[in-house]
> 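One structure is given below, represented as structure tokens, and several questions about it will come after.
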Amino acid sequence: MSPRRTETGGRVDRLRTIRFTFDGAPYTGYAGDTLASALLANGVTLFGRSFKYHRPRGVLTAGVEEPNALVTVLRGEVREPNIAATMVEIYDGLVAVSQNRFPSLAWDVNAINQLGGKILSAGFYYKTFMGPVIGPLKGTRFWMFCEHFIRRAAGLGKAGVTADTSRYERMNAFCDVLVVGSGPAGLMAARAAADQGQRVILCELEPNFGGSANWSGETIDGMPAAAWAARAVGQLEGHDNVRLLPRTTVWGYYDGNTLAALERVTDHKEAPARGEPRHRYWTIRAKSVVLATGSFERPLVFPGNDRPGVMLAHAAERYANEYGVLPGDRIALFTNNDSAYRSALALKTAGAAIVAIIDVRQDLTSEMRKLATEAEAEILSGHAVVATEGGKALSGLKVQRFDMVSGALTGDARSIHADCLLMSGGWSPTIHLASQAGAKAEWDAERQAFLPPKPTQKWVGAGAFTGSFSTAEAIAEGRTAGLSAAGATGAPAALPVVEAAPGDPDPAPVFEIKAKGKSFVDFQHDVTAEDVRLAHREGFVSVEHLKRYTTLGMATDQGKSSNVPGLAIMAEALGKPIPEVGTTRFRPPYSAVSIGSLAAERFGDLKPERLTPMHDWHIANGATMYSAGLWYRPMIYGLAGETIEQAYVREAKATRDSAGIVDVSTLGKIAVQGPDAAEFLDRVYTNMFSTLAVGKARYGLMLREDGLAFDDGTTWRLGEQDFLMTTTTANAGKVMQHLEYFLDVIWPELKVTVTSVTDEWAGAAIGGPNARAILAACVKGTAVDNATLPFMGIVRGEIAGVPVMICRLSFSGEMAFEVYSGAGYGTHVWEALIEAGKPFGLVTYGLEALGTMRIEKGHVTGAEIDGRTTARDLHLDWMLSKKKPFIGSAMMDREGLIAPDRLQLVGLVSLDNRPLNGGAHIVEELDEANPHSSIGHITACCYSPALGKHIALALVSGGKARHGTRAFVSDPLRNRFGPIEIVSNHFYDPDGSRMHG
């Protein structure tokens, strides 16, 4: 079929031909191929261009660690850039294009960057910030000149601008044992845990379970390893307590054994089935975790190691055994360990000619020499590759004698004709998730690799993840890990028998061959060995600084193949051992995660539309609704022809003249219950609550730990151990988090439960001179006179047959009551109150009137409690108890928080009878041409029907001392300047006589 496809072998379905295009050219492959394997089968060697030098690059690996072969996948107008071709499953109609090239992949004009030499070495981007001085281009001017060109050249694939029409889902899952990785170790672990009756989830990032068993060519229990793995998967499918998740990458390990995973549901399909999402984001909470994530083969660093046709040995073995594809006809191998010999034999068996095995080690075992003989390969022990030849494809290589102790090259270079060079520089366990879970990786001198840290969460490792690279070890460790994760020991049992090629996975400590030419460490970002040494010479001795200065490990593959070689070169430059130099910590995500999956069903508006129980009534009765925080609330109940200002002025005036009613269901409501509830509230609030009598409410203020005001509200004592806390609408969630944090972390000994009950209660606030009379007309089961229901008192009764709870408190400054009922009865009670209020001229009012009346009374809300103000700034220092400590009490008296010139709450009156604007600045001297010297700003403003003036609340420096003085409002953005008078924030009824009746 294709120039590189073997006649037999592989696990692809040769009866199903798949048609796709790459850079506009049509190709065919088989079902089961990846884009990389299908293109290799068609003889394609050039897959992409490198980030900085635009050097031609071929495929390096066969998996998720691929740094070179990045493509953009097109689905109609939707572009998905920077996808590894090794992870793209082909399907009929697949359209993929190369990236980071112009005008084409074969002829890229930006390849001229290769002539940049030392100008484009490590840190060139940062050095551009500083100069040099070229005529008028001095310092940062030079950067500004270069910035345009650098930014145009930066980046890889081009992001799309068309809206993604795909669906995404989120899933939450709970299990006893999560197994990550389905190679022999993972399969054995899942089987052992499942046999113990545990709920097991097995995640595999590849389409097929089995891991290395699918391409190792080994025999397990007398059958091909792939068949053994398929049988094991079939057995797991028969367990009701096992969930199998193929194409699922576990990308994050968080506290509490919570892991994040991405399932690629339909990326491999021409079209999703009805209702199928593209990706599914899993949040998995596991009692214990088995990490069987395998390992990555490392490249060797030598001149020309990035040329198309140079790839990792195990990748070539996988292409041959799993996909039936040969990466070349004449293949040479370059290694520092035994595993390459197995690859050589596998490729020979598949039909390739193995021309040479170049090994840096002088002394080889008889087993390796025998494998080389079976592969009909010439052994060049004590040699190294010093150069490669060719342009967009490999045509040959040069080798030279090498002393791995001194690193010296001797003798003449010898040329070898080959169209493929495979390299094997040892193996690095895939410890990313273990590192994310906490603790530092540990260096193993024999493996020349970082092994996983000691667990800080409940996980156990198995197989190559732990540095046990043989299949027999993986099977044994997998079973033990599965039993351990299940909390069992298990009786000794016979393990599957493995027949595998011999070999020692421990590599010689050789990472780089120093010879003339560019030797690449990070293939995607074009970081060379010399870049690493340059970073050392320029003082970047920390691995974290090395990473950021050179960008080593910052590409899309996140250093999966380049990390250890880069550290080894840095360690040599420092004259220190690798473990002393250390390694960077791995952070999530392990591999790229689609933004769509993170948002999932929550696309569009990121906040839900929360509606109060009376929402439909408001709409039906002419309310103009708007989003206030998380809730939709009435702004006004406008009459025909009314402006917003006319409507709220009418509503506020009618409330003060007679009575008004407003929906307050949105207030945060938290049940605080338990033997220590009163003590807890004493610690949370600045004032005392343990002395509050049952059946009474009290206004409370909370501070943050830094002494700044956090939230205010009322808390009702419904029983000795039962309190109902109300919070501001906007801060309900934050206050709940605040309470839970202190109970869970700071005071776990307190016997208190907190429960959000915001949605359980419907609330209506009725206020005005006739409010008590309206309640008396409709409330049954209790009196509402002053003796029965005093200020801050609570009674229970019924309205229209519905149990209600009534508290006498006021936000409007009038005599007012809050009436709470079950949310399901909210509209019923609301309508009953309105019916009872008709003889008294009761009006419904919205947020504009509510805000107007609160400004007139000088009450504070989130506009004033803005995270920068203290209780003293807001004149709430009377609430700061001197009898007890509370959250924030230790910090509230810091020098900066009690300074006399702090911004303090004041009232403002417009002296030119023009409206004021929120956010406008207050100045002592007006300078419209050059506004400056602000002494404060307006937080809230309105036209006051009670005063007949435009007024505002503001935070002004030394505010209280300025009462009775004049200043100016300066609002250049809205061209509003004018005189104002600074007064007390209590504009209306300052003595509270109307509120107390």
Side-chain angles (χ1 to χ4, degrees), residues 63-65 80 83-84 87 89 166-183 185-187 189-190 193-194 198-211 233 236-237 241-268 272 276-294 430-438 452 457-463 465 481-482 485 556-558 560 586-602:
V64 69
E65 71 272 30
E80 185 77 12
I83 308 298
M87 298 300 292
E89 299 175 63
S166 301
R167 282 190 62 248
Y168 297 87
E169 286 183 354
R170 290 174 64 91
M171 290 287 287
N172 288 279
F174 299 83
C175 64
D176 298 312
V177 179
L178 169 66
V179 180
V180 186
S182 72
L187 291 175
Q198 301 291 291
R199 295 173 300 161
V200 176
I201 295 178
L202 175 61
C203 294
E204 169 57 53
L205 65 83
E206 297 283 351
N208 301 307
F209 292 97
V233 173
L236 288 172
E237 287 175 337
N241 56 330
V242 175
R243 183 196 296 268
L244 300 177
L245 293 177
R247 300 184 178 89
T248 301
T249 305
V250 179
W251 57 261
Y253 200 142
Y254 299 92
D255 291 345
N257 260 24
T258 300
L259 295 95
L262 178 72
E263 180 186 3
R264 305 182 304 279
V265 181
T266 61
D267 278 352
H268 61 293
E276 269 191 320
R278 179 189 171 207
H279 291 164
R280 186 175 289 126
Y281 170 42
W282 290 83
T283 299
I284 303 173
R285 295 171 176 86
K287 288 184 180 178
S288 59
V289 178
V290 175
L291 296 177
T293 49
T430 310
I431 62 173
H432 299 64
L433 292 176
S435 180
Q436 292 174 20
Q457 297 199 56
K458 196 172 181 183
W459 62 261
V460 60
F465 166 85
T556 58
D557 67 321
Q558 289 291 286
K560 291 179 175 66
F586 298 106
R587 294 183 290 269
Y590 166 74
S591 60
V593 178
S594 60
I595 295 175
S597 69
L598 297 177
E601 296 91 345
R602 302 175 301 182

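Keep in mind that what you see is a predicted model, and the values were worked out from it rather than measured.
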> If the condition is side chain to side chain donor-acceptor pair (under 3.5 Å), which residues does Ser435 pass it with, not counting sequence neighbours?
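Applying side chain to side chain donor-acceptor pair (under 3.5 Å) to Ser435 gives none.
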> Output the distance between atom CG (Leu262) and atom OG1 (Thr248), rounded to the nearest 0.5 Å.
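One finds 7.5 Å between CG of Leu262 and OG1 of Thr248.
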> Residues two or more places apart in sequence or in another chain: which of them pass side-chain contact (heavy atoms from CB on, under 4.5 Å) with Ser166?
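Expected list: Asp164, Tyr168, Arg278.
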> For Tyr590, enumerate each residue passing the ring-ring contact (aromatic ring centres under 6.0 Å, His included) test, keeping only those at least two apart in sequence or located in another chain.
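Applying ring-ring contact (aromatic ring centres under 6.0 Å, His included) to Tyr590 gives His432.
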> Kindly write out the residues that satisfy side-chain contact (heavy atoms from CB on, under 4.5 Å) with Ala292, not counting sequence neighbours, or none if the list is empty.
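Once residues adjacent in sequence are excluded, the partners of Ala292 under the side-chain contact (heavy atoms from CB on, under 4.5 Å) criterion are Ala185.
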> Going through the checks in order, is the side chain to side chain contact (heavy atoms under 4.5 Å, CB included) test met by Leu187 and Leu202?
CA-CA 8 Å; Leu187 291 175; Leu202 175 61; 4.0 Å; yes
> About how many Å separate CD of Glu65 and NZ of Lys560, when rounded to the nearest 0.5 Å?
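Answer rounded to 0.5 Å: 8.5 Å.
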> For Asn172, enumerate each residue passing the side chain to side chain donor-acceptor pair (under 3.5 Å) test, keeping only those at least two apart in sequence or located in another chain.
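Expected list: Arg285.
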> Going by salt bridge (charged side-chain N to carboxylate O under 4.0 Å, His left out), name the residues that satisfy it together with Arg264, two or more places apart in sequence or in a different chain.
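Here no residue qualifies.
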> If you compare all heavy atoms of Pro272 against all heavy atoms of Thr266, which two are closest, and at what distance to 0.1 Å?
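Taking every non-hydrogen atom into account, CB-CG2, 3.7 Å.
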> Mind checking what makes side-chain contact (heavy atoms from CB on, under 4.5 Å) contact with Pro246, not counting sequence neighbours?
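Scan of Pro246 (side-chain contact (heavy atoms from CB on, under 4.5 Å), adjacent residues dropped) gives Phe209.
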> Taking side-chain contact (heavy atoms from CB on, under 4.5 Å) as the test, write out the residues that go with Pro588, two or more places apart.
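Once residues adjacent in sequence are excluded, the partners of Pro588 under the side-chain contact (heavy atoms from CB on, under 4.5 Å) criterion are Trp251, Tyr254, Gln436.
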> Say whether, by atom type as modelled, one donor and one acceptor occur between the side chain of Arg170 and the main chain of Trp282 under 3.5 angstrom.
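Checking the backbone N and O of Trp282 against the side chain of Arg170, no donor-acceptor pair under 3.5 Å is found.
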> If you look at every heavy atom in Ser594 and His279, which pair is closest and at what distance?
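Ser594 and His279 have their closest heavy atoms at OG-ND1, 2.8 Å.
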> Whether the side chain of Glu204 engages the backbone of Glu206 through a donor-acceptor N/O pair (distance < 3.5 Å, no angle test) should be reported.
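Yes, the answer is positive, given that a donor and an acceptor are paired below the 3.5 Å cut-off.
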> Does some side-chain heavy atom of Val233 sit less than 4.5 Å from a side-chain heavy atom of Leu244?
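They are in contact (side-chain heavy atoms under 4.5 Å apart), so the answer is yes.
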> Which atoms form the tightest heavy-atom contact between Ala481 and Val460, and what is the distance?
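Result for this residue pair: O-CG1, 3.6 Å.
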> Run Glu263 and Met171 through side chain to side chain contact (heavy atoms under 4.5 Å, CB included) and show every step you take.
CA-CA 10 Å; Glu263 180 186 3; Met171 290 287 287; over 6 Å; no
> To the nearest 0.5 angstrom, please state how far the CD1 atom of Ile284 sits from the SG atom of Cys203.
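If we round to the nearest 0.5 Å, Ile284:CD1 and Cys203:SG are 4.0 Å apart.
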> Just verifying a value: how many Å separate Asn241 CG and Ile201 CD1, rounded to the nearest 0.5 Å?
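These two atoms lie 11.5 Å from each other.
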> What heavy-atom pair brings Thr249 and Ser591 nearest, and what distance separates the two atoms?
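In this case the closest contact between Thr249 and Ser591 is CG2-OG, 3.4 Å.
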> Kindly give the heavy-atom pair with the smallest separation between Thr430 and Phe465, and that separation in Å.
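Between these two residues, the closest heavy atoms are O-CD1, 3.3 Å.
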> Atom CG of Asp267 and atom CZ of Arg247: how far apart are they, to the nearest 0.5 Å?
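Between Asp267 CG and Arg247 CZ, I get 9.5 Å after rounding to 0.5 Å.
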> Check whether any side-chain heavy atom of Arg243 lies under 4.5 Å from a side-chain heavy atom of Cys175, and answer yes or no.
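No; the side chains remain at least 4.5 Å from each other.
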> Any chance you could lay out the side chain to side chain contact (heavy atoms under 4.5 Å, CB included) test for Leu205 and Met87, step after step, and finish with the verdict?
CA-CA 9 Å; Leu205 65 83; Met87 298 300 292; 3.8 Å; yes
> Under the rule for side chain to side chain donor-acceptor pair (under 3.5 Å), what residues qualify as partners of Ser288, not counting sequence neighbours?
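Side chain to side chain donor-acceptor pair (under 3.5 Å) check on Ser288 returns nothing, list empty.
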> Quick one: closest heavy-atom pair of Pro277 and Val265, and the distance?
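Closest pair (atom of Pro277, atom of Val265, distance): O-CB, 3.4 Å.
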> For Arg199, what residues pass the side chain to side chain donor-acceptor pair (under 3.5 Å) criterion, not counting sequence neighbours?
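Partners of Arg199 by the side chain to side chain donor-acceptor pair (under 3.5 Å) criterion, ordered by chain and then number, come out as Asp176.
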> How many angstroms lie between atom CG of Leu291 and atom CG of Leu178, to the nearest 0.5 angstrom?
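So the CG of Leu291 and the CG of Leu178 are separated by 8.0 Å.
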> Glu169: what forms a salt bridge (charged side-chain N to carboxylate O under 4.0 Å, His left out) with it, not counting sequence neighbours?
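Counting only residues at least two positions away or on another chain, Glu169 forms a salt bridge (charged side-chain N to carboxylate O under 4.0 Å, His left out) with Arg167, Arg280.
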> Starting from the C-alpha separation in whole Å, work towards a yes-or-no answer on side chain to side chain contact (heavy atoms under 4.5 Å, CB included) for Val250 and Leu433.
CA-CA 8 Å; Val250 179; Leu433 292 176; 3.9 Å; yes
